[in-house]
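Quick notes on the structure that follows.
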Amino acid sequence: MGNIPDSHPRKASLLSRQRIVDATKDGFLADSAMIAHGRGEAFDYLLGEKTSDSAKLAIKEVAARLIAAKKPVISVNGNTVVLAGKNIIRVAAVLNCPIEVNIYYRTEDRMEKLNSFLEKQKELLSQENSPEGWKGDWSSAVMSVKILGKVGDGRIEGLDGPRSVCSAEGIERADVILVPLEDGDRCEALVNLGKQVLVVDLNPLSRTAKMATVTIVDEISRAAELLLEYTIKNDQMPTKWNNNGILNEALEIIAKNSRTI
Ligand code: PTJ
């Protein structure tokens, strides 16, 4: 996989696939992670495999809302950690907010693996130069990002069983939650609790995309890179957001791309 030339049009997609394959072998991911990834790939293909202008607006809105939040948290699942873990940690360091590992198919083994993977990534990232435009002590900003989730001492009201388990210090008390690749039920429950739910989902027709406060219709690794840039720039306040409008724009891109194939 290391030998794909830069000019290969599907290089990024092939590398992501390989990451998912390797992480599945290593026990980081749910059995259905590849199915979820494949569904995402199909939508990404229809969206032209690039971040649209409307997705950029959504990423800016998410940055503004996370910055304005009193108690923000970034909730991550297996696929997000594998595809965008590093930039998610960088964003959390800039925001000074915790990351919560909260997975749909919860097993102690996966929780442990994902948690220690993120802790190791933190150590590596703390040794890098600070991202462009960011000023301060990068090493301590990265190392102070709390990785929550192993202790399931919180509950999401309105959900039953293991899906209701969360961290009291993270999702339970948060006012604004960034949760890429979320499932519809949990998104709805969190919205019903009065929280702002900011999601990343390549499928503009999913229940999650429709239920969320702000939906970024984009691929998580591309979106996380831009989110880092916009979070550092910090040049916008939250707006009166029309989420249905942004979903319709994504559907229009799909329709337009479908006509030209
Ligand atoms: O790690 P766990 O146990 O929490 O499990 C994670 C998965 C993703 C397996 C689980 O949440 C799941 O089954 O998700 P769904 O219901 O299949 O939803 C995944 C959604 O994310 C779909 O709407 C996909 O289009 C979208 N998606 C998949 N890959 C990406 C994506 N969106 C953005 N970026 C991606 N790379």
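Position 1 is the first residue of the sequence, and the numbers go up from there. Each ligand, and each atom within it, is numbered from 1 in the order the structure gives. Below, each value reflects all heavy atoms present in this structure, side chains not excepted, and no hydrogens, waters or symmetry copies.
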Option nearest [atom] (shortest heavy-atom distance, choices [options]):
atom	options	answer
atom 9 (C) of ligand 1	Pro204, Ala33, Ser206, Ser16	Ala33
atom 18 (O) of ligand 1	Arg222, Met111, Glu41, Arg39	Arg39
atom 27 (N) of ligand 1	Leu114, Val217, Leu181	Leu181

Not counting sequence neighbours, list each pair that qualifies as a salt bridge (charged side-chain N to carboxylate O under 4.0 Å, His left out) and has a residue in residues 233-249.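 For residues 233-249, and leaving out neighbouring residues, the salt bridge (charged side-chain N to carboxylate O under 4.0 Å, His left out) pairs sorted by first residue read Glu229-Lys233.
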
Salt bridge (charged side-chain N to carboxylate O under 4.0 Å, His left out): which pairs involve residues 164-178, sequence neighbours left out?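 Sorted result for residues 164-178: Lys146-Glu169.
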
Transitive ILVMFWY side-chain link [X] to [Y], under 4.5 Å:
X	Y	answer
Leu118	Ile171	no
Ile88	Val214	yes
Val217	Val200	yes

Is there a side-chain contact between Glu157 and Leu193 (heavy atoms, below 4.5 Å)?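 Side chain of Glu157 against side chain of Leu193, heavy atoms only: contact under 4.5 Å found.
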
In the protein, what heavy atom is nearest to [atom], and what distance, to one decimal place, separates them?
atom	result
atom 8 (C) of ligand 1	Ala36 CB, 3.6 Å
atom 24 (C) of ligand 1	Asp201 OD1, 3.8 Å
atom 1 (O) of ligand 1	Arg110 NH2, 2.7 Å
atom 6 (C) of ligand 1	Asn77 ND2, 3.6 Å

One residue to check: Asp183. Relative to ligand 1, which of side chain, backbone, both or neither has a non-hydrogen atom less than 4.0 Å away?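 No part of Asp183 is near ligand 1 at this cut-off.
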
Decide whether an N or O pair under 3.5 Å exists between [X] and ligand 1.
X	value
Glu182	no
Asn79	no
Leu202	yes
His37	no
Asn102	no
Phe43	no
Gly78	yes

With the threshold set at under 4.0 angstrom, would you say Asp218 reaches ligand 1 through any of its heavy atoms?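 Checking ligand 1 against Asp218, which is what was asked, there is a heavy-atom contact under 4.0 Å.
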
Please say whether more than 12 non-hydrogen atoms of neighbouring residues, nucleotides or ligands are located less than 6.0 Å from CG in Asn96.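 Not more than 12 within 6.0 Å, no.
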
